[in-house]
S.K.: 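Have a look at this one.
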Amino acid sequence: NEGNRVEKIYCALRNITKLKLTKEILYQDQEELRALFDNAPIGMAITSLDQRLSSVNTTFCTMTGYTYRELISMPITNITHPADRKAEVQHFKGLLNGTYNGFEMEKRLLTRQGKELLVNMHASLIRDAHGVPSYYISQYIDITQRKANEKLLEESYMTFSTVLNSLDAYVNVID
């Protein structure tokens with residue numbers, strides 16, 4: 001080491017090709033999942049463990065009449081009909097304590113305009129790689145019109161049944 005001359009340089013190299021490819025694949029997968037979430041034809045929401053909305057898709061915003069910014073960090077119970085809140089919270093607790101892996105329930109959402117929207121909700125708990133609960137993911141299908149049609153059909157049947165029962169004649173229906 002005379003005169004501060006460098007005699008040797010040691011260098012360690014590492015092939016990071018696989019690492020870069022893995023990162024690219026993960027990024028593509030994340031982008032595909034984000035596109036599926038955002039463009040789903042049903043309402044979708046990611047909810048934190050304290051039941052605050054952390055992400056929602058466009059369909060959910062359209063269903064509820066709220067903007068994305070209005071919904072983010074809002075407790076899901078704020079847009080759940082008061083009569084349905086207790087059951088919903090119990091179901092979320094059941095997911096968290098492992099009673100079941102997912103649940104499905106009919107509930108009413110309150111839109112920004114104050115209307116009730118009847119939905120079929122399915123929720124699951126997502127856990128991290130170590131099994132620790134991370135967040136809930138929920139899907140919402142608007143069943144308001146279907147339920148209204150079922151009610152009309154039932155009323156029609158009841159009217160038809162009442163008319164038939166009040167006839168003084170024997171009625172035979174042949175199919």
S.K.: Looking at every heavy atom in both T47 and S54, which two are closest together, and how far apart are they?
M.R.: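 Result for this residue pair: N-OG, 4.1 Å.
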
S.K.: Sequence neighbours left out, what passes side chain to side chain contact (heavy atoms under 4.5 Å, CB included) with N78? Give chain and number order.
M.R.: M74, P75

S.K.: What pairs with E88 under side-chain hydrogen bond (donor to acceptor under 3.5 Å, both in side chains), at least two apart in sequence or on another chain?
M.R.: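 Partners of E88 under the side-chain hydrogen bond (donor to acceptor under 3.5 Å, both in side chains) test: T80, K107.
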
S.K.: In this structure, which one of L109, L110, T111, D84 forms a side-chain contact (heavy atoms from CB on, under 4.5 Å) with E116?
M.R.: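 Among the candidates, only L110 passes.
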
S.K.: With P41, which residues qualify under side chain to side chain contact (heavy atoms under 4.5 Å, CB included), at least two apart?
M.R.: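 None.
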
S.K.: In Å, rounded to the nearest 0.5 Å, how long is the span from OG of S138 to CD of E104?
M.R.: 11.5 Å

S.K.: Quick check for you: to the nearest 0.5 Å, what is the distance between I141 atom CD1 and N120 atom CG?
M.R.: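 If we round to the nearest 0.5 Å, I141:CD1 and N120:CG are 5.5 Å apart.
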
S.K.: Say you draw a straight line from CD1 of I126 to CD1 of I46; how long is it, rounded to the nearest 0.5 Å?
M.R.: 8.5 Å

S.K.: Under the salt bridge (Lys or Arg N to Asp or Glu O under 4.0 Å) definition, can you give me all pairs with a residue in residues 36-55, not counting sequence neighbours?
M.R.: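 Counting only pairs at least two positions apart or across chains, the salt bridge (Lys or Arg N to Asp or Glu O under 4.0 Å) contacts touching residues 36-55 are R34-D38, D50-R52.
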
S.K.: Using the ring-ring contact (aromatic ring centres under 6.0 Å, His included) rule, collect all pairs that involve residues 119-145, keeping only residues at least two apart or in two chains.
M.R.: F60-Y140, F92-Y136

S.K.: Taking CG in D128 as the centre, count heavy atoms belonging to other residues, nucleotides or ligands within less than 6.0 Å. Is the count above 12?
M.R.: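 Above 12, so yes.
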
S.K.: If I compare all heavy atoms of R108 with all of A83, which pair ends up nearest, and what's the gap?
M.R.: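 Scanning both residues, the minimum pair turns out to be NH2-CB, 3.3 Å.
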
S.K.: The criterion is side chain to side chain contact (heavy atoms under 4.5 Å, CB included); which residues satisfy it with P133, sequence neighbours excluded?
M.R.: L49, L96, L125, R127

S.K.: Can you list the residues that meet the salt bridge (charged side-chain N to carboxylate O under 4.0 Å, His left out) rule with E70, with sequence neighbours excluded?
M.R.: R112

S.K.: Looking at NZ of K115 and OG1 of T64, how far apart are the two atoms once the value is rounded to the nearest 0.5 Å?
M.R.: 13.0 Å

S.K.: Rounded at 0.5 Å granularity, tell me how far CG in L118 sits from OG1 in T144.
M.R.: 5.0 Å

S.K.: Under the side-chain hydrogen bond (donor to acceptor under 3.5 Å, both in side chains) rule, collect the residues that match up with E32, sequence neighbours excluded.
M.R.: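 Partners of E32 by the side-chain hydrogen bond (donor to acceptor under 3.5 Å, both in side chains) criterion come out as none, since no residue qualifies.
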
S.K.: Who are the side chain to side chain contact (heavy atoms under 4.5 Å, CB included) partners of N15, not counting sequence neighbours?
M.R.: T17

S.K.: Using the ring-ring contact (aromatic ring centres under 6.0 Å, His included) rule, collect all pairs that involve residues 62-91, keeping only residues at least two apart or in two chains.
M.R.: H91-F103

S.K.: Report the residues that fulfil side-chain hydrogen bond (donor to acceptor under 3.5 Å, both in side chains) with N39, sequence neighbours left out, ordered by chain and then residue number.
M.R.: none

S.K.: Is there a continuous path of hydrophobic side-chain contacts, each under 4.5 Å between heavy atoms, that joins V89 to Y100?
M.R.: no

S.K.: Measure the shortest side-chain to side-chain distance between M44 and T59 over non-hydrogen atoms and say whether it is less than 4.5 angstrom.
M.R.: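 M44 vs T59: side chains apart.
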
S.K.: Between C61 and V56, what is the shortest heavy-atom contact and its length?
M.R.: SG-CG2, 3.7 Å

S.K.: Which residues satisfy the salt bridge (charged side-chain N to carboxylate O under 4.0 Å, His left out) test with D142, sequence neighbours excluded?
M.R.: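 Checked D142 against salt bridge (charged side-chain N to carboxylate O under 4.0 Å, His left out); zero matches.
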
